[in-house]
Amino acid sequence: MRIVLIGLGVQGHKRRAIAGDSVIATVDPVSEGASHRSIESVPLETYDAALVCTPDEVKVALLRYLLSHGKHVLVEKPLIAGSDTELEELAVLAEDNGVTCYTAYNHRFEPHFVHMKALLDEGSLGHIYSVRMFYGNGTARLVRQSPWRDKGAGVLMDLGSHLLDTCAFWFGSLDHRAATLVSANRFENQAPDHCAFVFPGQPLLQLEMTLLSWRNHFYADVHGEKGSAHIQSLCKWGPSIFTRRNRILPSGRPTEHSVTLVQDDPTWALEYRHFLELTRTGTGNIRNDILLNRTLRHLSRSAPMASPS
């Protein structure tokens, strides 16, 4: 697979390290290390696929160009559009040209996320009552100093999209109309740097995200009628711990089993391998983006947005 890498920022360099010698050209309008300034200047016959690691506002136009020319695409999350129609058009382009359009949500390949998915699918926790997730990092200052990141709904789009996709991975599609924004704050940035929102009902989903965490951290607590399961941290921030607790009835201290992982982040390589496998059949996940966009747009209407620069 001959790859063009578009965007030489932090994510672009990570993708380049994984794709290795398959990258035959790089595109960036400002980076001196790029071989091309625009994707249009890369001869179409020289590549099969593109890794799109650009600011959000240019993604749809890039994907439209690539898909219409029969190129497979992996694009960094989130894939944001002003309406469902824009994403529906991309889905049709991909299907008509038999190519893959895949939005990267690498946490789906986190070992403990995969374990949680299997546990939920087998039903060993019984009926799920509630889920609480927190995702925090300390990038508020870096975002504020970025020429393009401190915009719009801020952390809601950045980390909130990860949490929404995780819920979709574990439980299936969500009703965007049920989502309620509980809190959205601009403590240090122009755009929200802390948000919390909920999906009422069963399971009750409580999701919180921030750019102001003194230590990068993730946790998930899933409570059901037969017990609970818990994730503490991601592999990249390790150690990452998965704990399963079996409920004792009528009451009592639950039996508990934990697995601790101390390893490098495996998700980037696993996701890239998954993308390559999808290109064999032209399968993509843009339908998932449409559902996530509906929820993010719904929540954004209640969030204090950054003023356009």
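Along the sequence shown, residues carry numbers from 1. The structure presented is a predicted model; accordingly, all values stated were derived computationally and were not measured.
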Short N-O contact, D84 and R297, less than 4.0 angstrom: yes

Side-chain donor or acceptor of R144 paired with backbone N/O of E188 under 3.5 Å: yes

Counterpart residues, side-chain contact (heavy atoms from CB on, under 4.5 Å), relative to R287 (two or more places apart): E88, A91, E95, I290

Validation row: T26, S35 side chains within 4.5 angstrom (heavy atoms): yes

Residue of the set E225, K226, Q202 for which side-chain hydrogen bond (donor to acceptor under 3.5 Å, both in side chains) holds with H127: Q202

T54 side, atom OG1; I6 side, atom CD1 - distance, nearest 0.5 Å: 7.5 Å

Single hit among S258, S228, S124 for side-chain contact (heavy atoms from CB on, under 4.5 Å) with R244: S124

Donor-acceptor contact below 3.5 Å, side chain D150 vs main chain Q190: yes

Cationic N near anionic O, under 4.0 Å, E271 to R15: yes

A191 backbone acceptor or donor facing N189 side chain under 3.5 Å: no

Note, L62 side chain near V75 side chain (heavy atom, < 4.5 Å): no

4.5 Å side-chain heavy-atom contact, I24 and V4: yes

Shortest non-hydrogen separation from Y102 to N285 and the atoms involved: CA-OD1, 3.3 Å

Beyond-backbone contact of C101 with D289, side-chain heavy atoms, under 4.5 angstrom: no

Separation of F171 CZ from D121 CG (nearest 0.5 Å): 10.0 Å

Pair I3-M1, side-chain contact (heavy atoms from CB on, under 4.5 Å): steps then yes or no: CA-CA 6 Å; I3 302 288; M1 183 74 67; 3.5 Å; yes

Nearest-0.5 Å distance that lies between atom CG in L207 and atom CG in L299: 9.5 Å

Plane angle bin for F109 and H274 - parallel if under 30°, tilted between 30 and 60°, otherwise perpendicular: tilted

Same cluster (ILVMFWY, side-chain, under 4.5 Å), L204 and V131: no

Donor + acceptor pair across side chains of S183, N185 (<3.5 Å): yes

Min side-chain heavy-atom separation V222-L119 under 4.5 Å: no

Heavy-atom side-chain contact between I39 and Y47 under 4.5 Å: yes

Hydrophobic cluster identity match, L205 and Y219, side-chain contacts under 4.5 Å: no

Distance (rounded to the nearest 0.5 Å) between K14 NZ and L5 CG: 13.5 Å

Residues in salt bridge (Lys or Arg N to Asp or Glu O under 4.0 Å) contact with D56, at least two apart in sequence or another chain: K59

Verify same cluster id: V52, F275 (apolar side-chain graph, 4.5 Å): no

Atom of R108, atom of V114 and distance for their closest heavy-atom approach: O-CG2, 3.4 Å

Shared hydrophobic cluster, L90 / L296 (ILVMFWY, side-chain heavy atoms < 4.5 Å): no

Linked, directly or transitively: L212 and L159 (ILVMFWY side chains, under 4.5 Å): no

Donor-acceptor contact below 3.5 Å, side chain S161 vs main chain M157: yes

Residues I286, L63; criterion side-chain contact (heavy atoms from CB on, under 4.5 Å); working and verdict: CA-CA 11 Å; I286 198 166; L63 267 58; 5.5 Å; no

Aromatic plane relationship, Y135 with F218 - under 30° parallel, 30 to 60° tilted, over 60° perpendicular: perpendicular

Contacts of S233 that satisfy side-chain contact (heavy atoms from CB on, under 4.5 Å) - sequence neighbours left out: H217, W237

Which atom of T100 lies closest to which atom of L67, heavy atoms considered: O-CD2, 4.2 Å

Smallest separation among heavy atoms of P111 and Q263, with atom names: CG-NE2, 4.3 Å

Mutual orientation of the aromatic rings belonging to Y105 and H162 [parallel < 30°, tilted 30-60°, perpendicular > 60°]: perpendicular

Salt-bridge present (K236, D264; N to O < 4.0 Å): no

CG on N216 to CG on L211, rounded to 0.5 Å: 10.5 Å

Contact check, side chains of E256 and T243, non-hydrogen atoms, under 4.5 Å: yes

Distance (rounded to the nearest 0.5 Å) between Y65 OH and E40 CD: 5.0 Å

Working for side-chain contact (heavy atoms from CB on, under 4.5 Å), residues V259 and H112: CA-CA 9 Å; V259 175; H112 289 330; 4.2 Å; yes

Audit row: F113, L234, side-chain contact (heavy atoms from CB on, under 4.5 Å) steps and yes/no: CA-CA 9 Å; F113 283 44; L234 306 174; 3.7 Å; yes

Geometric class of the H176/H298 ring pair [parallel <30°, tilted 30-60°, perpendicular >60°]: perpendicular

K71 side-chain N/O to A50 backbone N/O, donor-acceptor pair under 3.5 Å: no

N/O donor-acceptor pair under 3.5 Å between N293 side chain and L79 backbone: yes

Short side-chain to backbone donor-acceptor contact, N97 and V99, under 3.5 Å: no

Side-chain donor/acceptor of R2 to backbone N/O of E45, under 3.5 Å: yes

Nearest atoms (heavy-atom pairs only) where L261 meets C235: CD1-SG, 4.2 Å

L156 side chain reached by P192 side chain, heavy atoms, under 4.5 Å: no

Expected output: side-chain H194 to main-chain F187 donor-acceptor under 3.5 Å: no

Where F242 and A229 come nearest, the two heavy atoms and their spacing: CZ-CB, 3.8 Å

